[in-house]
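What follows is a set of notes on a single structure, which appears directly below.
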2 protein chains.
Amino acid sequence: MTLTDLRYLVALARERHFGHAAERCNVSQPTLSVAIKKLEDELAVTLFERSAADVKITDIGARIVAQAEKVLLEAGQIKELATAGRDPLSGPLKLGVIYTIGPYLLPHLIPRVHGAAPSMPLLIQENYTARLAESLKRGDLDVIVVALPFEEPGIVTQAVYDEPFRVLMPAGHAWEEDAAIPAARLAEAPLLLLGAGNCFRDQVLEVCPLCRGGEGLQRTLEGSSLETIRHMVATGAGITVLPSSAADPLPEGNPLLTVRPFEAPEPFRRIALAWRVTYPRSGAIDVIRAAILGSPLQGVRPVTR
Amino acid sequence: MTLTDLRYLVALARERHFGHAAERCNVSQPTLSVAIKKLEDELAVTLFERSAADVKITDIGARIVAQAEKVLLEAGQIKELATAGRDPLSGPLKLGVIYTIGPYLLPHLIPRVHGAAPSMPLLIQENYTARLAESLKRGDLDVIVVALPFEEPGIVTQAVYDEPFRVLMPAGHAWEEDAAIPAARLAEAPLLLLGAGNCFRDQVLEVCPLCRGGEGLQRTLEGSSLETIRHMVATGAGITVLPSSAADPLPEGNPLLTVRPFEAPEPFRRIALAWRVTYPRSGAIDVIRAAILGSPLQGVRPVTR
DNA sequence: GATTGGCAATAGAGATTAACTATACAACGT
DNA sequence: ACGTTGTATAGTTAATCTCTATTGCCAATC
């Protein structure tokens, strides 16, 4: 029993004439004849009464035809689903973002994606890189926004932008005098750091080798966020390092904080998109990339690939 | 897209492993592999993300698999319907009976059929032979009970029983003296006849050639029935001829009527079943025949074929 | 960094099935 | 009896499905 057989069946039920039904199916009369006979044999049921005068459907035949029509209808739905799903910009996209990007990127990203792909709702999750990677590989996420380096088997990454680091200090801090801060000087101040697991923490520590072994004055704030740290800096609890997108928009509205760039070579992080090599909706990824690049993130430099 | 393809599809969706899914479908891994690829090409949609680690279903893939399961379920229903409909004794049987048999046969027939084939309800229609034949050929009826001769293209008949005719007269009638009535004498009495269209009317006229041209005292009662005529005979309006099944049960309970057989050669009618040559439920016909022969119809002689 | 092992894709051969054309067969109607 | 109409069958060709064998691809391991 094939779908073709069922199509022949309902055609014959409608036409009540083997020749006409065959014509309607674009096959020869013997083809349809054989197919119906095969079906009847397979089901061990007489579906039609053939006579010279005409073709009559049996009682059981009528019931089976009705069911066959249902099958064909449902099968047709498959094609419709496929057509509807063919557009990579239709259907939800599961997006993961690390904690130190989400709050600054998403407010810009979401409306832009919605504008470019209205029928692609975003299901967003913020988490650590490691967790995002896990979810991505498991298929719980489709695309993630992370900082490089990010190497995972089966995962491809595409750099999107570079983002310089900034030093954030309370207004009136001594370093306010300087237009730019040397990285090494970080070890001299009480540096507030994110908890373990945040890649940004590691990157900051990388900037300041002296802070590495915990020999500096830095203080780790487990379970915290850049926003929390920012508030703590404003209260004079110390200084911190922020990515430019988090730091640069601040000073205007906040008289308690001062932002200074690093001295060259300016430390920065490279933000990238990552997805499974096998992920088929590349069009959706392009939209995300474009939306990110279209977002007014302060201080960032697009990476032309 | 075939039902087999869909089976492969749902198997792969369940197993998430080409080899295992193929095994479950009793085919080789390449078979399933190409089938899925073919499906993906046909639908122009990626259903699965293949990677070394494992097979992930895409979003659209999952929706299509769900739909495929629905299709397979509905298709399975076809087999179930066929199995259920395989029994010729299941499902309603559309039975037609001529007016002059129905009232005497059906009260016996119905319980017997119900006993022999409980899941075969009878849809009964009483009518003239010509109307029954029409309905039978059109497929509105499956089997009819008629009097022979009955010749129709595409219709087969099977004699069931012979039924002698009887003369019915009011009690106290002059002919009461005689044990049997010669057919020719019918022309001498006011003979009450059914209306045109009733085959029994023609058969009675056949018995009495003198009545033929309307030269006798007979009176035609259009739109009447044997029961009506019987009541008229009881009131002394005339005599009539009845089939034995209608006549013989009468006298016991009715002091106003007298029944006499004909003289030899006793006129009779041959009752038969008729159905389309193509009608597939021969088992149902056998049940009807057996139920008729099992009915206590007075005076009838089974026809051994 | 080379190697191995697991797994899906591909190639090529063989078998099955589906389609065609031509023709036989059955049943009515003239 | 013959012709017409309509379905079934025969035989052939083409398409397809499925197989085994093999390749290719990753990723994990030594």
Please list, for nucleotides 27-30 of chain D, all pairs of protein and nucleotide N/O atoms separated by less than 3.5 Å.
| from | atom 1 | to | atom 2 | distance (Å) |
| --- | --- | --- | --- | --- |
| D:dA27 | OP1 | A:G154 | N | 2.6 |

Filtered N/O pairs between nucleotides 1-5 of chain C and protein, under 3.5 Å:
none

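Between the C1' atom of C:dT10 and the CD atom of B:Q29 lies a distance of 10 Å, rounded to the nearest Å. Between the CZ atom of B:F18 and the P atom of C:dT10 there is a distance of 11 Å, rounded to whole Å. In this structure, A:N26 places its CG atom 15 Å from C1' of C:dA18, rounding to the nearest Å. For the pair A:D5 CG and C:dA18 C1', the computed distance is 10 Å after rounding to whole Å. Going from atom NZ of B:K137 over to atom P of C:dG29 covers 7 Å, rounded to whole Å. The nearest whole Å value for the distance from the CG atom in B:L3 to the C1' atom in D:dT16 is 16 Å. Across the protein-nucleic acid pair, B:Y8 atom OH and D:dC19 atom C1' stand 11 Å apart, rounded to whole Å. Counting to the nearest Å, the P atom of C:dA27 and the CZ atom of B:R276 are 16 Å from each other.
Here D:dT20 is the nucleotide among D:dT20, C:dA18, D:dT7 with the atom lying nearest to any side-chain atom of B:S28. The side chain of B:V55 lies closest to C:dA8 when the candidates are C:dA8, D:dA21, D:dT9. For B:P30, whose side chain is taken as the heavy atoms from C-beta onward, the closest listed nucleotide among D:dT7, C:dA11, C:dA22 is C:dA11.
Looking at which nucleotide of DNA chain C each of B:D54 and A:A35 is closest to, the 5′-most match is held by B:D54. Nearest-nucleotide positions on DNA chain D place A:L12 closer to the 5' end than the other of B:L32 and A:L12.
Between A:R50 and D:dG6, a side-chain N or O to OP1/OP2 separation shorter than 4.0 Å is absent. Under 4.0 angstrom from either OP1 or OP2 of C:dA8 there lies no side-chain N or O belonging to B:K37. Look at A:H17 and you'll find a side-chain N or O under 4.0 angstrom from OP1 or OP2 of D:dT7. At C:dA18, none of the side-chain N or O atoms of A:T31 fall inside 4.0 Å of OP1 or OP2 (strictly under the cut-off).
Every pair passing ring-ring contact (aromatic ring centres under 6.0 Å, His included) that includes a residue from residues 121-143 of chain B is listed here, sequence neighbours excluded: B:Y99-B:Y128. The ring-ring contact (aromatic ring centres under 6.0 Å, His included) contacts involving residues 7-27 of chain A comprise A:H17-A:H20, where partners must be two or more places apart or lie in separate chains.
Atoms CG and OG1, from A:D5 and B:T2 in turn, are 10.5 Å apart once rounded to the nearest 0.5 Å. Atom-to-atom distance recorded for A:I124:CD1 and A:I144:CD1 is 14.0 Å, nearest 0.5 angstrom. Distance check: B:K79 NZ to B:T83 OG1 gives 8.5 Å after rounding to the nearest 0.5 Å.
Applying the side chain to side chain contact (heavy atoms under 4.5 Å, CB included) rule to B:T278 yields the partners A:E49, A:S51, B:R276; only residues at least two apart in sequence or on another chain are considered. Among residues two or more places apart in sequence or in another chain, the side-chain hydrogen bond (donor to acceptor under 3.5 Å, both in side chains) test is passed with A:R63 by none.
Counting only distance, with no hydrogens or angles, the side chain of A:T58 and the backbone of A:T46 share a donor-acceptor pair below 3.5 Å.
Using a 4.0 Å heavy-atom cutoff across all strands shown, A:F48 reaches no nucleic acid atom at all.
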Going through the checks in order, is the side chain to side chain contact (heavy atoms under 4.5 Å, CB included) test met by B:V156 and B:W275?
-> CA-CA 6 Å; B:V156 289; B:W275 61 91; 3.1 Å; yes
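Residues A:E69 and A:R14 are paired through a salt bridge, judged by an N-O separation under 4.0 Å between the basic side chain and the carboxylate.
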